[in-house]
Amino acid sequence: ETGVTQSPTHLIKTRGQQVTLRCSSQSGHNTVSWYQQALGQGPQFIFQYYREEENGRGNFPPRFSGLQFPNYSSELNVNALELDDSALYLCASSLAVKNTEAFFGQGTRLTVV
Amino acid sequence: AQTVTQSQPEMSVQEAETVTLSCTYDTSESDYYLFWYKQPPSRQMILVIRQEAYKQQNATENRFSVNFQKAAKSFSLKISDSQLGDAAMYFCAYSFYGGATNKLIFGTGTLLAVQP
């Protein structure tokens with residue numbers, strides 16, 4: 001059974017650019033959530049996907065968007081990058097929306113310069 | 001809105017000793033879950049222990065146990081026989097069972113150092 005994997009592990013982008021982060025959920029998990037963790041802070045919920053549909057969103061602007069594919073892998077897209085978008089982005093998968101045991105990936109460290 | 005507060009930014013413990021990390025939360029819901037997650041330098045969040053709000057019995061997992069006080073909205077983590085590998089950032093988290101998502105609401109974390 002493979003765990004949650006995220007790619008890339010690190011990347012550097014310039015302000016105003018766009019970025020796509022990827023997440024492969026744990027085998028059999030149909031629910032994927034994305035979190036933003038700024039330095040020295042706890043993770044903040046961005047949104048959740050369940051069976052390819054967004055079913056919940058945190059307090060993030062529309063330039064944060066996502067996708068979930070039929071194999072339940074997911075992407076997080078951020079447009080018009082700002083310096084404050086620099087953070088660790090964590091993906092978590094779970095068996096179902098009502099299943100509270102979430103398994104996290106190792107995260108993608110995004111630096112915006 | 002639900003909130004989670006961790007008032008100890010940093011804690012230190014001697015190897016083999018016991019340490020308690022504090023967490024308080026605020027919610028108007030009656031059915032929810034509470035968690036402690038460990039985040040080592042590798043960055044991956046690892047579930048340490050989970051508590052269902054409807055259960056009065058405190059959860060335990062080997063050297064890790066919680067003190068869940070529902071009326072006081074307090075959820076502390078006790079680590080017994082501390083080991084060097086316990087050094088990490090610890091996050092307290094809340095999830096509302098009846099919501100549309102199983103999103104987690106995290107505290108700001110407590111950095112635990114284990115002294116040899």
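Proteins come first, then strands; the chains are lettered A, B, ... in the order of their sequence lines, and each starts at number 1.
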Polar side chain donor-acceptor pair, A:T31 to B:N102, under 3.5 angstrom: no

Salt-bridge criterion met for B:R63 and B:D86 (N-O under 4.0 Å): yes

Chi angles and distances behind the ring pair (Phe, Tyr, Trp, His ring centres under 6.0 Å) call for B:Y94, B:F75: CA-CA 10 Å; B:Y94 163 100; B:F75 183 62; over 10 Å; no

Residue-level contacts of residues 32-56 of chain A with chain B, using a heavy-atom cutoff under 4.5 Å: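 A:S33, A:Y35, A:Q37, A:G40, A:Q41, A:G42, A:P43, A:F45, A:Q48, A:N55, A:G56, listed by number.
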
Top contributor to chain A contacts, counting heavy-atom pairs under 4.5 Å, from B:Q39, B:R43, B:K103: B:R43

Measure distances from [X] to the heavy atoms of chain A and classify the residue's part below 4.5 Å as side chain, backbone, both or neither.
| X | value |
| --- | --- |
| B:L47 | side chain |
| B:Q6 | neither |
| B:S42 | backbone |
| B:R50 | side chain |

Other residues, nucleotides, ligands: >12 heavy atoms within 6.0 Å of A:R63 CZ: yes

B:K78 NZ: over 12 foreign heavy atoms closer than 6.0 Å: no

Closest approach of A:F103 to A:V4 (non-hydrogen atoms, all atoms of both residues):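 Looking at all heavy atoms of both residues, the shortest contact is O-CG2, 3.3 Å.
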
Intermediate values then yes/no, side-chain contact (heavy atoms from CB on, under 4.5 Å), B:V114 and B:Q83: CA-CA 7 Å; B:V114 181; B:Q83 301 175 0; over 6 Å; no

Audit row: A:Q18, A:T20, side-chain hydrogen bond (donor to acceptor under 3.5 Å, both in side chains) steps and yes/no: CA-CA 7 Å; A:Q18 178 266 343; A:T20 297; 3.0 Å; yes

Parallel, tilted or perpendicular: ring planes of B:Y37 versus A:F104, cut at 30 and 60 degrees: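 Answer is perpendicular, since the angle exceeds 60°.
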
Region of A:A102 in contact with chain B, defined by heavy-atom distances below 4.5 Å: both

